[in-house]
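Quick note on labels: first sequence line is chain A, next is B, and so on, each numbered from 1. No experiment lies behind these values; they were computed from the predicted model shown. When reading the values below, keep in mind they use all heavy atoms of this one structure, side chains included, and skip hydrogens, waters and symmetry mates.
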Amino acid sequence: MPELPEVETTRRGLQQLTLNRTILHIDIHQASLRWPIPDTIGDIKNQTISEIRRRGKYLLLQLNNDQHLIMHLGMSGSITVLNAYEPLKKHDHFVAHLDNNTSMRFNDPRRFGCILLTRKNPEQHALLASLGPEPLSDDFTGQWLKKTANQRTVAVKNFIMNARVVVGVGNIYASEALFKAGIHPKRAASRISLQRYHVLANTIKDVLAEAIKAGGTTLQDFSNSEGKAGYFQQQLAVYGRDGQACNNCQHTIKKIIIGNRSSFFCPQCQH
DNA sequence: ATCATCCCCTGATGGC
DNA sequence: TGCCATCAGGGGATGA
């Protein structure tokens, strides 16, 4: 589910609703996520949330004692902050009660997400240490893509979904960015010119930035921290539009499977 | 190193 | 109605 725009939308909401709040106590309803919620999680009690950052699809909540809560939304996760009296929903696995009568609820039907706690710099954590550049930063360029693609034979769609190459690009935005760049999703990463990688880096930035503006894409599960859906799905050019007409050329959008994931593209516009 | 495949899990949907 | 197969915003582990 959540790709960079959805995680960034969540980060902004949490910043509004939980920054400088103190965690009074926590409830764990289901510790069995992608990895178990660690036993040390009780350490966050009486800590204040002092900073909220994002790295790729990971949310990093810094606490007063310099520990960090690392949260990932997996395929179906969302985090809401509601008044304490609002009833829990199915799959609200973890709840942090804050000092203003609200509570932060981690909901994840498929439980591919995670909640971890670390004492070290979270960037050094094993899950984050080898991540590639942030797509919206100046470190992410066509030059970087070309250099990283080198001799690699992998399909470009899988290439840009690889978090070591660039973080935050998931199945929806990979298809969207490749469509806007006019690149066929199956093209080998090494068989794309520097010039075209410049274009692709820019379309990735554009698509992600526009999706953040729209509050993310909601297909089924995603909601922002107030429980509201995003609306970028209204602007999707190819994702989920197989059988429909391409906005550019009226040809029929096709769906193919690449690396076990559905991919959508226009056979006329993308080469 | 790189790549393809499998797997974790629940829920929605469609065919019979 | 039920039952079964398929698919879904991710990504780690494995083995070739």
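You can call A/F112 stacked on the base of C/dG10; the centres are under 5.5 Å apart and the planes sit within 30°.
Residue A/R111 places no side-chain atom within donor-acceptor reach of the base of B/dC9, judged by atom type and a 3.5 Å distance cut-off alone.
Interatomic distance, A/I172 CD1 to A/E6 CD, rounded to the nearest 0.5 Å: 6.5 Å.
Nucleotides B/dC7 and C/dA5 are separated by 15 Å at their P atoms, to the nearest Å.
Across the protein-nucleic acid pair, A/N260 atom CG and C/dC7 atom P stand 10 Å apart, rounded to whole Å. Between A/M161 atom CE and C/dG11 atom C1' there is a gap of 9 Å when expressed in whole angstrom units. For the pair A/R164 CZ and C/dG11 C1', the interatomic distance rounds to 11 Å; values are reported in whole Å. The separation between A/Q30 atom CD and B/dC9 atom C1' is 10 Å, rounded to whole Å. At whole-Å resolution of the value, CD1 in A/I172 and C1' in C/dA8 are 10 Å apart. Here B/dT10 presents its C1' atom at 11 Å from CG of A/N107, a figure rounded to the nearest Å. Atom-to-atom, CD of A/Q220 to P of C/dC7 comes out at 14 Å; the value is rounded to the nearest Å. For the pair A/I257 CD1 and B/dA4 C1', the computed distance is 15 Å after rounding to whole Å.
Picking from C/dG11, C/dG12, B/dC9 the nucleotide with the shortest atom distance to the side chain of A/K57 gives C/dG11. Checked against B/dA4, C/dG12, C/dG10, the side chain of A/N158 finds its nearest nucleotide in B/dA4. The nucleotide whose nearest atom lies closest to any side-chain atom of A/R152 is, among B/dG11, C/dG10, B/dC3, B/dC3.
A/K45 places none of its side-chain heavy atoms less than 4.5 Å from the side chain of A/I23.
For A/H91, no side-chain nitrogen or oxygen approaches OP1 or OP2 of B/dT10 to under 4.0 Å. OP1 and OP2 of B/dT10 both lie 4.0 Å or more from every side-chain N or O belonging to A/K90. Between A/T153 and B/dC3, a side-chain N or O to OP1/OP2 separation shorter than 4.0 Å is present. Under 4.0 angstrom from either OP1 or OP2 of C/dA8 there lies at least one side-chain N or O belonging to A/S262.
At the heavy-atom level, A/Y239 lies under 4.0 Å from the strands shown only through sugar-phosphate atoms. Note on A/Y58: only backbone sugar-phosphate atoms sit closer than 4.0 angstrom, heavy atoms only; bases stay farther off.
A donor-acceptor contact under 3.5 angstrom links the side chains of A/T48 and A/T22, judged on distance only. Donor-acceptor pairing under 3.5 Å is lacking for the side chains of A/S223 and A/K228. A donor-acceptor pair shorter than 3.5 Å can be found between the side chains of A/S103 and A/R105. Side-chain contact check for A/Q67 and A/N65: at least one donor-acceptor pair (N or O, by modelled atom type) lies under 3.5 Å.
Here C/dG10 sits opposite B/dC8 as a Watson-Crick or G-U wobble pair (both hydrogen-bonding atom distances under 3.5 Å). B/dA1 is unpaired under the criterion used here, namely a Watson-Crick or G-U wobble arrangement in which both key atom distances are under 3.5 Å.
Between A/G259 and A/N150, the one whose closest nucleotide on DNA chain B sits nearer the 5' end is A/N150.
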